Amino acid sequence: MDFYDNYIRTVVDYPIKGIKFRDITPLLANGDAFHQVIMDLNKELPSYDKYDKIIAAESRGFIFAAPLASYNNKGLVLARKAGKLPLVGYRETYTLEYGEATIEIPKDAIQPGDRVIVMDDLIATGGSAKAMVNLVRKAGGIPIMALFLIELRSLEGYKQLGIPVVSIVNYGLHKNDILQVEGEQHFVKFIQKIDEDFIEVEKEDKTLAKINKNVIISVVQIEKNGRLTYIKYRD
């Protein structure tokens, strides 16, 4: 079994029916696993002289950003829920599925020109991450990239940010994802989810087909220069 499949637990129908909750507590409870994820995240950071600080969202973002900032001798900026800071520098309100939320950063935490990494444990719709990008810019900083342990690909939160997004573990599919599947000589394109077991894809000849998700080998990212990048598919 894959390292992350072993330590990230999927809890079905939590917090509401139909949701698959990705539970990272088994990963955090194992010292070797926690160390490994920090090292894996660290590999994705730019070189030392290309960024100055990491901004992280309350509260699970703190868990991963704090050791990374310490390990690299970088400053850590806490994006906290409203009312938690004594001296607020900037605040940003963003939309949730039901209502709104506000996050704030401390006064003088980001200086004009600071190059900042945006970080959280997970990106879903991208609302809180976009709020952090906006906070960095309000303070005069420059958001360099966004880094996450987990991305829920079907929600396409990366589209909100306007900066490079890197995630270690990916679940689900984006519309128009290119897939490598068993039994096909050529790639197919993901069109839509049919149910929990089947998806609709478009073949090279533009015909549509219904396939079981079990036959997906990988997601294939095609870069501008034609290079193919493998992304492990997780449902």
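On a predicted model such as this, the values are computed, not experimentally measured, just so you know.
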**OP:** Take Y4 and D40 through the side chain to side chain donor-acceptor pair (under 3.5 Å) test and state the conclusion after the steps.
**Re:** CA-CA 11 Å; Y4 287 102; D40 287 348; 2.6 Å; yes
Original post:
Who else is in V220's hydrophobic cluster (ILVMFWY, side-chain heavy atoms under 4.5 Å, direct or via others)?
Top reply: I178, F187, I222, L228
**OP:** Report the hydrophobic cluster partners of Y233, with the cluster defined as I, L, V, M, F, W, Y residues connected by side-chain heavy atoms closer than 4.5 angstrom, directly or transitively.
**Re:** L173, L179, V181, V188, F190, I199, V201, I211, V215, I216, V219, I231
**OP:** For residues P46 and I144, report the shortest heavy-atom separation together with the two atoms involved.
**Re:** CG-CG2, 4.3 Å
**OP:** Determine yes or no for a side-chain-to-main-chain donor-acceptor pair under 3.5 angstrom, with D52 supplying the side chain and R115 the backbone.
**Re:** yes
Subject >> CZ (R60) with more than 12 external heavy atoms under 6.0 Å >> reply: no
**OP:** Using modelled atom types only, decide if a donor and an acceptor are shared between the side chain of K159 and the backbone of G126 within a distance under 3.5 Å.
**Re:** no
Original post:
With distance as the sole test, does K74 use its side chain to make a donor-acceptor pair with the main-chain N or O of Y48 at under 3.5 Å?
Top reply: yes
Original post:
How about E92 and R137: do any of their side-chain heavy atoms sit closer than 4.5 Å?
Top reply: no
Subject >> Side-chain donor/acceptor of D23 to backbone N/O of T25, under 3.5 Å >> reply: yes
Original post:
What are the two closest non-hydrogen atoms of A146 and I163, and how far apart are they?
Top reply: N-CD1, 3.8 Å
Original post:
Can you tell me how far the CG atom of L85 sits from the CZ atom of R91, to the nearest 0.5 Å?
Top reply: 9.5 Å
Original post:
Which atom pair, heavy atoms only, marks the closest approach of I54 to A65?
Top reply: CG2-CB, 3.8 Å
Subject >> Distance-minimising heavy-atom pair for V169 and Y171 >> reply: CG1-CE1, 3.7 Å
**OP:** Locate the shortest heavy-atom distance separating A129 from V118; write the atom from each residue and the value.
**Re:** O-CG1, 4.1 Å
